[in-house]
Student: 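My questions all concern the structure below.
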There are 2 protein chains.
Amino acid sequence: MTTQLDQVFSALADPTRRAILAMLLEDDMAVTDVAEPFAMSLAAISKHLGILTAAGLISQEKRGRVKWCKLEPDALREASVWMQGFGQMEALDLDAFEAFLVQELEG
Amino acid sequence: MTTQLDQVFSALADPTRRAILAMLLEDDMAVTDVAEPFAMSLAAISKHLGILTAAGLISQEKRGRVKWCKLEPDALREASVWMQGFGQMEALDLDAFEAFLVQELEG
DNA sequence: GAAAACGTCAACCATTTGGTTGAATATCAA
DNA sequence: TTGATATTCAACCAAATGGTTGACGTTTTC
């Protein structure tokens, strides 16, 4: 059996998929546009998007020949709740988040 | 290149490893005792503990012939910061966390 | 209608992952 | 010192993962 939590964490374990989520943070995007910055085939990106969709982290809606990808931040709640019990996190630190984001996108 | 974030998320993606973390939440444990409730070999658990250690989620200290395992919640901070930017989490909800924990341990 | 653009599917491949078993290494106890 | 306990190591295996390519079905544009 594969739980939702399994799927969310293993989806997040891949840097390409985290970068995709970071891109979708700014705006909804078509599959082709998501793929553009990556040095890999469109088919590979299509698979990554399928995994993110299965985990509930994004949703995809087809309009015409274009399939739009949209971030679904709610799916992170379950995982985040799990983590917070261990980490005893302080309140949301947006500066720290932004620093990580920049590092991720550059690296 | 494998980042710390990669390692933390992929460590958390496995239900056995999450269950181990949940056990260590209560107290430090020896490897043999960690392995006891699982239907798999001691060697397999030893590997899981190695992965958790590499991710920084636990530490291991050998005293005599016993190797003690200790939760290191700080490693979750990095990952949690990453997630919070997407999830816009509300404050720590311990009840929800406990519910997940019970579900994890029973399932 | 023909051609281009958007995206997925299927088959394939190399590597990683999660498990096994059996032998090996320490340490403690009798 | 002999034996039991605690843990890892090494070799192996099946299945999952992350990528490729080429063919395919739609939708749009010319």
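Just so it is clear: chains get the letters A, B, ... in the order the sequence lines come, proteins before strands, and each one is counted from 1.
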Student: Looking at D:dT7, C:dT20, C:dG7, which one has an atom nearest to any side-chain atom of B:Lys67?
Tutor: D:dT7

Student: Given atom CG of B:Leu12 and atom P of C:dT17, what is their separation to the nearest angstrom?
Tutor: 15 Å

Student: Can you list the stems that include DNA chain D, where a stem is three or more consecutive Watson-Crick or G-U pairs with distances under 3.5 Å?
Tutor: C:1-30 with D:1-30

Student: To the nearest Å, how far apart are B:Arg17 CZ and C:dG19 C1'?
Tutor: 12 Å

Student: Side chain of A:Ser46, backbone of A:Leu42: donor and acceptor closer than 3.5 Å?
Tutor: no

Student: Heavy atoms only: give me the nearest A:Leu5-A:Ala79 pair and the separation to one decimal.
Tutor: CD1-CA, 3.5 Å

Student: Are A:Ser46 and C:dT8 close enough that a side-chain N or O sits under 4.0 Å from OP1 or OP2?
Tutor: yes

Student: When every nucleotide of nucleotides 21-30 of chain D is labelled 5' to 3' by its protein contacts under 4.0 Å (heavy atoms), B for base, S for sugar-phosphate only, - for none, what sequence of letters results?
Tutor: B-----BS--

Student: Quick one: which residue pairs count as a side-chain hydrogen bond (donor to acceptor under 3.5 Å, both in side chains) with a foot in residues 61-70 of chain A, not counting sequence neighbours?
Tutor: A:Glu61-A:Arg63

Student: When you get a sec, tell me which of C:dG18, D:dG18, C:dT8 is the closest nucleotide to the side chain of A:Ile51?
Tutor: D:dG18

Student: Starting from the 5' end of DNA chain D, give me the residue, B:Gln60 or A:Ser10, whose nearest nucleotide shows up first.
Tutor: B:Gln60

Student: Find the distance B:Ile58:CD1 to D:dT7:C1' and express it as a whole number of Å.
Tutor: 14 Å

Student: Locate the shortest heavy-atom distance separating B:Gln4 from B:Ala55; write the atom from each residue and the value.
Tutor: NE2-O, 2.8 Å

Student: For B:Asp14 and C:dT16, give me the distance from atom CG to atom C1', rounded to whole Å.
Tutor: 14 Å

Student: A:Leu21 and A:Leu71: which non-hydrogen atoms are nearest, and at how many Å?
Tutor: CD2-CD1, 3.5 Å

Student: Could you state the CE-P distance from A:Met40 to C:dG7, rounded to the nearest angstrom?
Tutor: 17 Å

Student: Nearest-Å distance, CG (A:Leu52) to P (C:dT8)?
Tutor: 13 Å

Student: Rounded to whole angstroms, how far apart are CD on B:Glu36 and C1' on D:dT5?
Tutor: 16 Å

Student: At under 4.0 Å, does any side-chain N or O of B:Thr16 touch on OP1 or OP2 of C:dG18?
Tutor: no

Student: Measuring from A:Arg18:CZ to A:Leu12:CG, what's the distance to the nearest 0.5 Å?
Tutor: 7.5 Å

Student: When the distance from CG of A:Leu49 to P of D:dT17 is rounded to whole Å, what number comes out?
Tutor: 17 Å

Student: List the atom of A:Asp14, the atom of A:Thr16, and the distance in Å for their closest heavy-atom pair.
Tutor: OD1-N, 2.8 Å

Student: Quick one: closest heavy-atom pair of A:Val31 and A:Cys69, and the distance?
Tutor: CG2-SG, 4.0 Å

Student: Strictly below 4.0 Å: does A:His48 bring a side-chain N or O up to OP1 or OP2 of D:dT17?
Tutor: no

Student: Would you name the heavy atoms of A:Glu72 and A:Ile58 that are closest together and state the gap between them?
Tutor: CG-C, 3.7 Å

